[in-house]
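A quick write-up on the structure given underneath.
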Amino acid sequence: NLLNQCFAVVTACYHAAQHLKTNYDYNNVHYLQPSVDTIACYAANRASVNRVIDLYYMGRRIENRHAKFMQWSQQSGVFYFYDTAGNVPMIDHQQHRRRYLDILNRTKLFVVSPGKIINPDAKQLPEEIGYRYFEAAACGAIMIGDLPNSPVFKNTFNYRDAVIPIPADNDLSCFLD
């Protein structure tokens, strides 16, 4: 058994840690909750920074939701920022993080979803909380989207309106009008 050769297993996936403890009788598994460099987020979040990005949808996306956001942006004139390229190699990880924080600190509404939400094979798996929730909260963006059905999420973001659910019709006009 490979686990018995390990001193300890540390994972940022709560359900994976529970699975290893329960199904493999291996107790030296530790769940390490995701986190972000909040000091870097705070340093980038100066009072003089204007939140000029109305809506930011980063990374993988639900296409019908994105189409509705595009339509909303074109009709209302709000600034909708989204990725237009797939997994591109980064030149410098520190510059990447700095740029990402700069963008996030200028964002009003940030779309969040549980990890692997668009992967049909993952729909049977327990939902994990992703780093995007922590990054958005640390940078002061309003999180809209999907709440993970996870005890970690409920314990960590245990305040009212931590994430505001997006209406079923994906209509965001109520957020910024």
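The basis for the numbers below is simple: all heavy atoms, side chains too, and nothing from hydrogens, waters or symmetry mates. Fair warning: this is a prediction, and the values are worked out from it, not measured in the lab.
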Using ring pair (Phe, Tyr, Trp, His ring centres under 6.0 Å) as the criterion, list what pairs up with Tyr80, not counting sequence neighbours.
-> His66, Phe69, Tyr82
Yes or no on side chain to side chain contact (heavy atoms under 4.5 Å, CB included) for Phe81 and Asp54, after CA distance, side-chain angles and deciding distance?
-> CA-CA 8 Å; Phe81 188 68; Asp54 295 305; over 6 Å; no
For Thr107 and Leu109, indicate whether the former's side chain and the latter's backbone hold a donor-acceptor pair under 3.5 Å.
-> no
Can you measure from CG (Asp102) to CD (Gln95) and round to the nearest 0.5 angstrom?
-> 11.5 Å
For Tyr100, which residues count as a ring pair (Phe, Tyr, Trp, His ring centres under 6.0 Å) partner, sequence neighbours excluded?
-> none
Separation of Arg98 CZ from Ile103 CD1 (nearest 0.5 Å) = 11.0 Å
Linking I/L/V/M/F/W/Y whenever their side-chain heavy atoms sit closer than 4.5 Å, directly or via other members, would Val112 and Ile166 fall into one cluster?
-> no
By side-chain hydrogen bond (donor to acceptor under 3.5 Å, both in side chains), Tyr131 pairs with (sequence neighbours left out) none
Check the hydrophobic clustering (I, L, V, M, F, W, Y; side-chain heavy atoms under 4.5 Å; chains of links allowed) and say if Tyr31 and Val29 are grouped together.
-> no
Pair Arg61 + Glu63: basic N to acidic O under 4.0 Å | yes
Asn158 side chain to Lys154 main-chain N or O, any donor-acceptor pair under 3.5 Å?
-> no
Which atoms form the tightest heavy-atom contact between Tyr133 and Ser113, and what is the distance?
-> OH-C, 3.0 Å
Can any side-chain N or O of Arg106 pair as donor or acceptor with the backbone N or O of Val52 at less than 3.5 Å?
-> no
Cys139 and Leu101: which non-hydrogen atoms are nearest, and at how many Å?
-> SG-CD2, 3.7 Å
Separation of Phe110 CZ from Tyr57 OH (nearest 0.5 Å) | 10.5 Å
What heavy-atom pair brings Met143 and Ala136 nearest, and what distance separates the two atoms?
-> CG-CB, 3.5 Å
Those residues that, when tested against Asp161, pass side chain to side chain contact (heavy atoms under 4.5 Å, CB included) (two or more places apart) = Ile164
What heavy-atom pair brings Asn105 and Val49 nearest, and what distance separates the two atoms?
-> O-CG1, 3.7 Å
Can you pull the salt bridge (charged side-chain N to carboxylate O under 4.0 Å, His left out) pairs that have at least one residue in residues 76-97, sequence neighbours excluded?
-> Arg97-Glu135
side-chain hydrogen bond (donor to acceptor under 3.5 Å, both in side chains): pairs with one or both residues in residues 6-20, sequence neighbours excluded | His19-Asn23
For Phe157, the option from Leu147, Val163, Ile129 that meets side-chain contact (heavy atoms from CB on, under 4.5 Å) = Ile129
Closest non-hydrogen atom pair between Pro114 and Pro148, with its separation | CG-CA, 3.8 Å
Is there a path from Ile62 to Tyr56 through hydrophobic residues (I, L, V, M, F, W, Y) whose side chains come within less than 4.5 Å of each other?
-> no
Look up atom CD1 in Ile142 and atom CZ in Arg51, then write down how far apart they are to the nearest 0.5 Å.
-> 8.0 Å
Which pair of heavy atoms, one from Arg65 and one from Val111, lies closest together, and at what distance?
-> NH1-CG1, 4.3 Å
What do the steps show when you test Val9 against His30 for side chain to side chain contact (heavy atoms under 4.5 Å, CB included), and what is the final call?
-> CA-CA 6 Å; Val9 174; His30 305 280; over 6 Å; no
Determine, using the 4.5 Å side-chain heavy-atom cutoff (strictly less than), whether Ile144 and Val78 are members of one ILVMFWY cluster.
-> yes
